[in-house]
Amino acid sequence: MKFTCSTFELAVACSTVAKAVSQKAAIPSIEGILITAGEEKVSLTGYDLELAITTQIEAAIAEEGSIVIDARTLCEIVRKMPGETITLSADERKLCTIQSGNSEFSLNGIGVEDYPELPSVQNGTEIEIDTDMFSKMIRKTVFACAVVDTRPVFMGVKFEIEDNELRMIALDGFRLAIRKEKIQYDGEALEFIVPAKTLNEIVKISSESEETISISLGKRHIIFNVGAYSIISRLIEGQFLNYSKTILSGSKTQTVVSTDTLLKAIERTAIVITDRVKSPVRCIFNNNEIKISCITNTARVNDRISASVLGDKLEIGFNSKYFIDALKNADCEEVKIEMIDSIKPIKITPVDNDSFLFIIMPVRLTV
């Protein structure tokens, strides 16, 4: 195998597909990037048995072939090469030579025989979604996924597609985020769960130049085609929580408040909270204002902001991070906060529509 291509294009492709490469694996080949040269194109693939990222770049092919090269080493070499073009070759002994400008590296490659076959989606359901809208929906929900959980379904975002509407739902047992938007889809109702890792990579790969993302949905895997990249992911199997039961019906206290004003007040209060000193933020809703405070072993903070408060006076505690995450992802000037009492979940929505919904579990106050 031998080809010559743009150093910059190869560096970008390598660093992107490397996101799907396994860091520690029983199969050495999946710690590398699969490189295949043929038909004036070079394809690059990273695959950790759950997520695969593939792409193609233009190249002058002198000899067709395939090789696997350790991802970390390859990315570092290509990124630091001095020339505008780069030549990569591999012989029958799997010895790879990488040359650019006056620099040349020789390193051992890995045979492609043990590289696992990528999953495919046969006769899948095809969906097209606006790239910018899809990326925003991911960013505004994926933050609520569990990072580590004994229930894998909490480590992904649930998709519900029906009647030209897409709903994305994420939760971790302490909070819930829901986003919904109109899309062009009038087929059968669909429900599936995509790992948060996959969706985060889609956001990173997406760019403003791509108008749509095409999706091919199978029974166990899903493919996202984003510009020059294909992201192939397993779906998370399992029963998602019946989240509708966590959404409160009715409220005894309602507040309409400036999103930015409340966010800044919570952020100021959270200054005294550290990883070692974890204390809830205490909020009192009453008389058209919100009193915000926090007491730790080393500090005390008090603040207050104006707000439209209707109903009963209510004192309630929150995890500051969850509250800040919700407000940062609200995308509107004012939010409506609905509460029943100090121990039931609160609901945060826009004032005049239902494009998003956040649920946060309160923290019991001891004093």
Engineer: I'd like to know if E181 and R179 make a salt bridge, using a cut-off of under 4.0 Å between side-chain N and carboxylate O.
Structural biologist: no
Engineer: With a 6.0 Å cut-off (strictly less than), is the heavy-atom count around CG of N123, excluding the residue itself, greater than 12?
Structural biologist: no
Engineer: Would you call T269 and S293 a side-chain contact if the rule is heavy atoms closer than 4.5 Å?
Structural biologist: no
Engineer: Taking atom CZ of F240 as the centre, report whether more than 12 heavy atoms of other residues, nucleotides or ligands fall under 6.0 Å from it.
Structural biologist: yes
Engineer: Check the angle between the aromatic planes of F159 and F134 and answer parallel, tilted or perpendicular using the 30° and 60° thresholds.
Structural biologist: tilted
Engineer: Verify, without hydrogens or angle tests, whether S89 (side chain) and M1 (backbone) share a donor-acceptor contact under 3.5 angstrom.
Structural biologist: no
Engineer: CD of E333: more than 12 outside heavy atoms within 6.0 angstrom?
Structural biologist: no
Engineer: Hey, are R220 and E237 close enough for a salt bridge, meaning a charged N less than 4.0 Å from a carboxylate O?
Structural biologist: yes
Engineer: So, E267 and K264, do they make that salt bridge, N to O below 4.0 Å?
Structural biologist: no
Engineer: Taking T85's backbone N and O only, do any of them form a donor-acceptor pair with T7's side chain (distance below 3.5 Å, no angle check)?
Structural biologist: yes
Engineer: Please list all pairs meeting ring pair (Phe, Tyr, Trp, His ring centres under 6.0 Å) that have one or both residues in residues 85-108, counting only residues at least two apart or in different chains.
Structural biologist: none
Engineer: Charged N to carboxylate O under 4.0 angstrom, D325 versus R175?
Structural biologist: yes
Engineer: What are the two closest non-hydrogen atoms of A326 and I348, and how far apart are they?
Structural biologist: CB-CD1, 4.2 Å
